[in-house]
Visitor: 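Sharing a structure below in structure tokens format, with a few things to ask.
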There are 2 protein chains.
Amino acid sequence: MAEKGDSTRARILDEAMRIASRDGLEGLSIGALAAALPMSKSGLFAHFGSKSALQVATLEHAAQTVRERAAPGARLAPGPERLRFILRTIMAWIDDPGLPGGCPITGACVEFDDREGPVRETLLRLQRDTQRRAAESFAAFAHPSQDPDQLAFEFRAITLAYHHASRLLREERAGDWARRALEALIARAGRPMPD
Amino acid sequence: MAEKGDSTRARILDEAMRIASRDGLEGLSIGALAAALPMSKSGLFAHFGSKSALQVATLEHAAQTVRERAAPGARLAPGPERLRFILRTIMAWIDDPGLPGGCPITGACVEFDDREGPVRETLLRLQRDTQRRAAESFAAFAHPSQDPDQLAFEFRAITLAYHHASRLLREERAGDWARRALEALIARAGRPMPD
DNA sequence: GATTAACACGAACGATCGTGCTAAAAAAGC
DNA sequence: GCTTTTTTAGCACGATCGTTCGTGTTAATC
């Protein structure tokens, strides 16, 4: 049985997530990762077989981590409270001191948005999934004339802008801005759509 | 007089912007850039003296380009119409077929959000500038109880989410979503802030 | 026409990139 | 305790990275 291999694989991916957070998935190099563990380059490489496999594994590992942190939100019924919980979780994830460059998935989204390959496909799957979940929560309480996908788009917008304001601009008010934006969005979702 | 040098420098930066759009500012390599022009690696390098100087110059060039495209908006008074024009301009810029990876500045924002150095400082200056301009347009018509910085944050959110939906997800409805989000934001700006 | 400055080039540097191959060490199964 | 499988290390490869240097070519100045 593969026992030892799995635990070192997890150790590798934890560190890979950290490095990818700062330097991006492409900037994540096998040599630097091996040196940080520490481990031999070839020994590490044998776990994945290719760089893009390592990139995909790192992405999935990051997605799994944030999924676990958001798990308590599943107890809440889909609706405003769950959305507030998700936003808090994402904001804490973006500001996680263990991730010196913010969310590695967000980074990869910009890095690989136009590069075909397995990494992009993994990203698409992950992002479509979270988009769908946000839309569900909006649909649970929004006015029937409102489009859940529209609201989910704006929810995503808030998290992206928070990443931008918090990490690049280092703006202290970023948290307030994001919370207020969500409250306004929740309020609007309950009203009928104008036009 | 530096005559020939300036024109080749512009040619270099045009191509650098294209490559940085797809591969990021760090993925922009001197060798690949020289091969694409075509030009010798050393001849190109002499124009900038270092890679980070090339990165900064590429960023400034991109900012100048988008500034020129947004210039007609200066004729409009600060307010909703100008905001609509800016959003249209940014969306066209993000979808520009000459930029195979979307806006290179947005890419750099995620790539360099936690890497100290001249590139990050350039980004900070550029982003603070556009943030300030958006806040001005909101302040021109918003209800006094509204915070222009809050509204500018949400305006940025829309453009970031559009980049995400259009380039990564390749979602056709992205344009509609962004326009609707802006209209909702403009409408809210005119109303007093609740509580 | 001679001098000088600006510009581009080719070659080479040490370093690091991703990726194989082979053998030693460690763990697992009996 | 031995065998078999899994995991790691060592070493080397071709390619590419940013950068430096010396040289030639072109254009402007006197």
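Below, all heavy atoms of this structure are taken into account, side chains as well, without hydrogens, waters or symmetry copies. So you know, we letter chains A, B, ... as the sequences are listed, proteins then strands, and number each from 1.
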Visitor: Does OP1 or OP2 of D:dT8 have a side-chain N or O of A:His47 closer than 4.0 Å?
Guide: yes
Visitor: Considering only nitrogen or oxygen atoms on both sides, find all protein atoms under 3.5 Å from nucleotides 19-24 of chain D and state each distance.
Guide:
| unit_1 | atom_1 | unit_2 | atom_2 | d |
| --- | --- | --- | --- | --- |
| D:dT19 | OP2 | B:Lys51 | N | 2.7 |

Visitor: Rounding to an integer number of Å, can you tell me how far A:Leu28 CG sits from C:dT16 C1'?
Guide: 14 Å
Visitor: Output all residues satisfying salt bridge (Lys or Arg N to Asp or Glu O under 4.0 Å) with B:Arg170, sequence neighbours left out; order by chain, then residue number.
Guide: A:Glu116
Visitor: Tell me: CG of A:Asp23 to C1' of C:dT16, nearest whole Å?
Guide: 14 Å
Visitor: If hydrophobic clusters are built by linking Ile, Leu, Val, Met, Phe, Trp and Tyr wherever their side-chain heavy atoms come under 4.5 Å apart, do A:Ile158 and B:Leu168 end up in the same one?
Guide: no
Visitor: Round to the nearest Å and state the distance from B:Leu37 atom CG to C:dC7 atom P.
Guide: 16 Å
Visitor: Determine the contact category for A:Ala46: base if any of its heavy atoms lies under 4.0 Å from a base atom, sugar-phosphate if only primed atoms, P, OP1 or OP2 are that close, otherwise nothing.
Guide: base
Visitor: Determine whether B:Leu76 and B:Leu83 fall in the same hydrophobic cluster, where Ile, Leu, Val, Met, Phe, Trp and Tyr are linked whenever their side-chain heavy atoms lie under 4.5 Å apart.
Guide: no
Visitor: Nearest whole angstrom, please: distance from the C1' of C:dA25 to the CE of A:Met39.
Guide: 13 Å
Visitor: Quick one: B:Leu44 CG to C:dG10 C1', roughly how many Å, whole number?
Guide: 15 Å
Visitor: Do any side-chain nitrogens or oxygens of A:Ser29 fall under 4.0 Å of OP1 or OP2 in C:dC17?
Guide: yes
Visitor: Search all heavy atoms of B:Thr65 against all heavy atoms of B:Trp93 and return the closest pair with its distance.
Guide: CG2-CZ3, 3.8 Å
Visitor: Please report the distance, rounded to the nearest Å, between CD in B:Glu26 and C1' in C:dC17.
Guide: 14 Å
Visitor: Please confirm whether the backbone N or O of A:Leu99 pairs with a side-chain atom of A:Arg18, one donor and one acceptor, at under 3.5 Å?
Guide: no
Visitor: Inspect the surroundings of CD in B:Glu172 and state if more than 12 heavy atoms from other residues, nucleotides or ligands are less than 6.0 Å away.
Guide: no
Visitor: Over how many whole Å does the gap from B:Leu54 atom CG to D:dC17 atom P extend?
Guide: 13 Å
